[in-house]
Number of protein chains: 2
Amino acid sequence: MTDLKSAESRSPASLLYLREDELRRGIELLFFGYRDFLSDADAELATLSLGRAHHRALHFIGRQPDLAVNELLTILKITKQSLGRVLKDLLARDLIEQRPGRRDRRQRLLRLTPAGEALHAQLLTRQRTRMARAFREAGPDAVAGFRKVLAGLIAEDERARVLAMIGAGN
Amino acid sequence: MTDLKSAESRSPASLLYLREDELRRGIELLFFGYRDFLSDADAELATLSLGRAHHRALHFIGRQPDLAVNELLTILKITKQSLGRVLKDLLARDLIEQRPGRRDRRQRLLRLTPAGEALHAQLLTRQRTRMARAFREAGPDAVAGFRKVLAGLIAEDERARVLAMIGAGN
DNA sequence: GATTTTAAGTCAGTCATGTTGACATATTTA
DNA sequence: TAAATATGTCAACATGACTGACTTAAAATC
């Protein structure tokens, strides 16, 4: 970091600089933390010729069985066509199954098959292990702060909906 | 979340469940927070027909002028071929420039052109604005926790190097 | 000085995952 | 009955990753 001046080397009143530097560090930490957090699951998915897109669909179907396609689209914010390809793969590999909704028979409600449950559990366990280590090492106060800041990063017009979906504790 | 039972509805001693649920919330918050954090920059990049890959290269070149290609590869952890295409685009659009290293003339040191600086500053300001709002709303203790947990998510064999690169405050 | 290693670039092909746009079908709602 | 909705599908395309093979120039080593 030869180009990044230390705070001490600058004018004493450059609080703005300190602030900008703190924000830059937060931005970069988010990049590296996110990337490495996904690496465990990525490695496992690669052995199955599946990608992140499959993982995300599997995750949200697993956590909320009988999820409708439209709900999943709202969660993932991708196009119907993109999701369609992923669901097709997961169906072909017997990781998920569909059935028409009882109230609304246009809907195709999605749920995991036993094989899908197994994979979902395996991936989630891996991710929880890494997250658990970070939580444990950081301590409960840090965990609360982590969640608070991340919640603040969510788009304002989405935040209430997302936090409600994730669960009450936020 | 019809399928997610509240903690109260379960057996009193299910601390494991509480913990698993807390970890799941952290995982999901990271997903949504990261996605929405990038959305500002993505929108701006799209107007210029640039993508995230360009943004990342621009960011790390901007923060450390005269960066060698190899250093950038180490930071981004992508292949030379992938980076090559991105750098070619950025060079063609006069956003970065190269010059041979003085000590090692095999190296091509990368730096931003004035136009690159302008774009870099514009993108960084946008991202800082969103991060600043989240930091401000969450408070300083939360910010410390946010950083602590994210640092813990970085791959162990990378952590020291990454934290050193990001800056002392972590 | 000759050989090996390193830094960088390039060509070619592939894959995963996103996009737009147009359209089809079944079902529900107005 | 007509309109809106939920889903699926075809086609074409862009981005950004990958592997593998190879070249060139310069530095480091023997």
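Everything numeric here is computed off the predicted structure, so don't read it as measured data. Each chain gets a letter, A, B and so on, in the order the sequences are listed, and its residues count up from 1. For the numbers below, each heavy atom of this structure counts, side chains included, while hydrogens, waters and symmetry mates do not.
When atom types are taken as modelled, the side chain of A/Arg35 and the backbone of B/Ile154 share no donor-acceptor pair closer than 3.5 angstrom.
For the segment residues 37-61 of chain A, the set of residues with a heavy atom within less than 4.0 Å of an atom of DNA chain D is empty.
Applying the side-chain hydrogen bond (donor to acceptor under 3.5 Å, both in side chains) rule to pairs touching residues 38-48 of chain A yields A/Asp40-A/Arg130, A/Asp42-A/Arg52, A/Glu44-A/Gln122, A/Glu44-A/Arg126, sequence neighbours excluded. Here side-chain hydrogen bond (donor to acceptor under 3.5 Å, both in side chains) pairs that include residues 70-81 of chain A, with residues two or more places apart or in two chains, are A/Thr79-A/Ser82. For residues 124-161 of chain A, the ring pair (Phe, Tyr, Trp, His ring centres under 6.0 Å) pairs, not counting sequence neighbours, are A/Phe135-A/Phe146. Within the structure, the ring pair (Phe, Tyr, Trp, His ring centres under 6.0 Å) test picks out the following pairs touching residues 57-91 of chain A (sequence neighbours left out): A/His59-A/His120, A/Phe60-B/Phe31, A/Phe60-B/Phe32. Among residue pairs with one or both ends in residues 83-103 of chain B, those qualifying as salt bridge (charged side-chain N to carboxylate O under 4.0 Å, His left out) are B/Asp66-B/Arg99; sequence neighbours excluded.
Atom-to-atom, CD1 of B/Ile78 to C1' of D/dT15 comes out at 12 Å; the value is rounded to the nearest Å.
Read 5' to 3', the first and last nucleotides of DNA chain C with an atom closer than 4.0 Å to a heavy atom of chain B are C/dT6 to C/dC11.
Every side chain to side chain donor-acceptor pair (under 3.5 Å) that A/Arg161 has, sequence neighbours left out, goes to A/Glu158. Under the ring pair (Phe, Tyr, Trp, His ring centres under 6.0 Å) criterion, B/His54 pairs with no residue, sequence neighbours left out. Listed by chain and number, the residues in a side chain to side chain contact (heavy atoms under 4.5 Å, CB included) with B/Gln127 are A/Ile27, B/Phe37, B/Leu38, B/Ala41, B/His55 (sequence neighbours excluded).
A salt bridge is defined here as a Lys NZ or Arg NE, NH1 or NH2 lying under 4.0 Å from an Asp or Glu carboxylate O, and A/Lys148 with B/Glu137 fails to meet this definition.
Between A/Ala134 and B/Leu153, the closest heavy-atom pair is CB-CD2, 3.7 Å.
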### Query
Where along nucleotides 7-12 of chain D does protein come under 4.0 Å, by heavy atom, of base (B) or sugar-phosphate alone (S), with - for untouched nucleotides?
BBBB--

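Both A/Val86 and A/Leu73 are part of a single hydrophobic cluster, where members link through side-chain heavy atoms under 4.5 Å apart.
With the end axes of the helix from C/dG1-D/dC30 to C/dA30-D/dT1 each set by five pairs, the angle from one to the other reads 30° at 10° resolution.
The side-chain heavy atoms of A/Leu58 and A/Leu110, taken from C-beta on, include no pair separated by under 4.5 Å.
For the pair B/Thr79 and D/dC18, the criterion of a side-chain N or O lying under 4.0 Å from OP1 or OP2 is met.
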